[in-house]
Amino acid sequence: WALTLLFDPVEMSMASYRGAATLSAIAMPPTGTHIDDYFVPMQDWLKNFELDTGKEKIKPYDPTVGDQIAAQVKPQFGDAIPTDPLAIKKSFGFGWWKKNPQAAQELLEAAGFTNQGGKWMKPDGTPFKFTLNTFTDGVINRLGTDIAQQWTQAGIDVTAFADPNIYTQNLPNGTYEAATAWSIETWGGNPDLSFFLDSWHSQFLAKPGEVQTARNWQRWSDPRLDKIIETVRQTDFSDHDANVKLGDDFIKLMVDEMPVIPIMSFNVFSAYDTRHWTGFPTAEANPYANIVNNWSNSKYILTQLKPTGK
């Protein structure tokens with residue numbers, strides 16, 4: 001949490017996607033049906049969420065972050081920027097955590113860290129420093145570079161490393177200290193989280209030195225998480241309300257523990273032609289899946305297409 005509260009979310013959006021990112025403060029992609037199932041209903045809980053720093057209780061959630069980003073990019077894009085409040089949130093994010101260096105300091109000090117001349121020291125007296133593995137280019141590279149810079153400016157010596165082997169070697173082998181990567185991937189059109197969450201069960205947790213199966217790159221486990229996953233396994237995929245309840249439990253656990261720092265969806269653009277086939281998912285009218293052709297949910301999309309007869 002201390003590391004999270006050192007971030008400026010608007011800066012991360014502008015530095016990575018030039019403002020086109022859709023930020024997410026929760027461990028859920030702000031895409032497909034997740035907007036209605038999770039993001040809209042979760043806002044009151046997020047606004048009222050309290051974090052105890054050891055010296056005070058704060059409410060860290062800022063629901064205005066999307067509006068701040070929209071205001072920043074409007075001079076460049078003008079009328080292309082939506083004005084409807086919900087449309088702004090869907091485009092730029094429902095909110096994120098407020099930058100709060102004072103609260104971050106209190107959390108670090110409560111954990112035994114000390115600040116000496118503007119530099120953070122670990123409880124053993126050695127400098128708090130680490131390497132952040134990130135992508136070699138593109139928006140995630142820019143995000144990783146900005147994250148490392150923000151932490152360094154806060155007194156934590158962080159070096160960004162453009163890692164050509166981040167997914168093929170270092171994430172699965174655990175040979176990294178911190179990384180910008182995705183470990184949360186959902187069906188997109190259903191609140192059921194089994195697509196990624198089953199792999200987070202402790203039964204698949206690799207020991208240090210062994211290869212970690214995708215997608216629990218952070219190698220985090222918790223008995224409460226196992227209980228959620230085991231219930232997901234027994235819950236019918238079509239039981240919407242039951243799956244949303246389990247998703248809510250997962251999101252709240254992730255906010256409480258913050259084992260990873262959710263930042264944004266990895267926005268991609270997919271083109272398709274409806275001249276010969278119809279039934280493709282759309283963001284508004286029919287968001288039954290994320291239309292990313294190199295993901296396995298493309299197999300499901302293909303079953304929903306119908307020929308036009310042309």
(message) Does T53 form a side chain to side chain contact (heavy atoms under 4.5 Å, CB included) with L5? I'd like the steps, not just the answer.
(response) CA-CA 11 Å; T53 70; L5 296 176; 5.7 Å; no
Please lay out, stage by stage, how Y17 and F92 fare under the test side chain to side chain contact (heavy atoms under 4.5 Å, CB included). CA-CA 11 Å; Y17 268 101; F92 301 104; over 6 Å; no
Practice prompt. Test L225 against W220 for side chain to side chain contact (heavy atoms under 4.5 Å, CB included), laying out the working first.
Written response: CA-CA 9 Å; L225 176 64; W220 180 67; 3.6 Å; yes
Walk me through it: do D8 and Q150 pass the test side chain to side chain contact (heavy atoms under 4.5 Å, CB included)? CA-CA 8 Å; D8 179 338; Q150 291 198 49; 3.6 Å; yes
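The CE atom of M14 lies 11.5 Å from the CZ atom of R142; values are rounded to the nearest 0.5 Å. We find the CD-CG distance between Q105 and N115 to be 6.5 Å, quoted to the nearest 0.5 Å. Taking CH2 of W182 as the start and CE of M264 as the end, the distance is 12.5 Å to the nearest 0.5 Å. Expressed to the nearest 0.5 Å, how far CG of L108 lies from CG of L6 amounts to 6.5 Å. Interatomic distance, CZ of F237 versus CG of N190, reported as 3.5 Å (0.5 Å rounding). Here the straight-line distance linking atom OH of Y176 with atom CG of L171 works out to 5.5 Å at 0.5 Å rounding.
You'll find the side chain of I35 reaches within 4.5 Å of the side chain of F94, heavy atoms only. The closest side-chain heavy-atom distance from T308 to R275 is not below 4.5 Å. M254 is listed as a side-chain neighbour of V260, based on a closest heavy-atom distance under 4.5 Å. Under the 4.5 Å side-chain criterion, counting only non-hydrogen atoms from C-beta, P60 is in contact with F49. For the pair F113 and M121, the minimum side-chain heavy-atom distance is 4.5 Å or more. Within the 4.5 Å cutoff, the side chain of D157 has no heavy atoms near those of the P127 side chain. Residues Q43 and Y61 form a side-chain contact, since some pair of their non-hydrogen atoms from C-beta on lies under 4.5 Å apart. Looking at heavy atoms from C-beta onward, W217 lies in side-chain contact with P172 at the 4.5 angstrom threshold.
Evaluated for a side-chain hydrogen bond (donor to acceptor under 3.5 Å, both in side chains) with D62, the options Q68, K98, K47, K99 yield exactly one hit, Q68. Checked against T180 for a side chain to side chain contact (heavy atoms under 4.5 Å, CB included), the options D163, I147, I263 give a single hit: I147. For the ring-ring contact (aromatic ring centres under 6.0 Å, His included) test with F280, the passing option among Y272, Y288, Y300 is Y272; the others fail.
Of the possible polar contacts, one joining the T152 side chain to the V158 backbone as a donor-acceptor pair under 3.5 Å is found. Put simply, the side chain of H276 never gets that close to the backbone of P307: no donor and acceptor are under 3.5 Å apart. In this structure a side-chain-to-backbone donor-acceptor pair under 3.5 Å is missing from T64 to D67. Side-chain atoms of S199 come within 3.5 Å of backbone atoms of F196 as a donor-acceptor pair (strictly under, hydrogens ignored). Counting only distance, with no hydrogens or angles, the side chain of T22 and the backbone of S91 share a donor-acceptor pair below 3.5 Å. Formation of a donor-acceptor pair under 3.5 Å by the Y38 side chain with backbone atoms of P191 is found in this model. Checked by atom type and distance alone, the side chain of T274 never pairs as donor or acceptor with a backbone atom of T278 at under 3.5 Å. Judged by distance alone, the side chain of K89 and the main-chain N or O of V40 form no donor-acceptor pair under 3.5 Å. Between the side chain of E177 and the backbone N or O of T131 there is at least one donor-acceptor pair closer than 3.5 Å. Side-chain N or O atoms of W1 include none that pairs as donor or acceptor with a backbone N or O of M258 at under 3.5 Å.
Residues passing the ring-ring contact (aromatic ring centres under 6.0 Å, His included) test with F161: none are found, sequence neighbours excluded.
Dense packing is recorded around NZ of K252, with more than 12 heavy atoms of other residues, nucleotides or ligands lying under 6.0 Å away.
When the side chains of ILVMFWY residues are joined at heavy-atom separations under 4.5 Å, either directly or via intervening members, L246 and V244 end up in a single hydrophobic cluster. Follow the hydrophobic side-chain contacts under 4.5 Å out from L205 and you never reach F250; the two are in separate clusters. Residue W200 is not grouped with residue F204 when hydrophobic side chains (ILVMFWY) are merged at heavy-atom distances under 4.5 angstrom, including chains of intermediate members.
Salt bridge E109/K55: present, at least one basic N to carboxylate O contact under 4.0 Å.
The salt bridge (charged side-chain N to carboxylate O under 4.0 Å, His left out) contacts involving residues 219-247 comprise D198-R233, D222-R224, R224-E257, K245-D249, where partners must be two or more places apart or lie in separate chains.
Residues A179 and I166 come closest through the heavy atom pair CB-CD1, 4.3 Å. Summarising the geometry of S16 relative to L143, their closest heavy-atom pair is CB-CB, 3.8 Å, with the distance given to 0.1 Å. Considering every non-hydrogen atom in both L23 and I69, the closest pair reads CD1-CD1, 3.7 Å. Nearest heavy-atom pair across W187 and S194 is NE1-OG, 3.3 Å. Heavy atoms only, all atoms of each residue included: T235 and A242 are closest at CG2-CB, 3.7 Å. Between A289 and P281, the shortest heavy-atom distance links the atoms O-CB, 3.4 Å.
The closest side-chain donor-acceptor pair between N170 and T175 falls under 3.5 angstrom. There is no side-chain donor-acceptor pair under 3.5 Å between E50 and N48.
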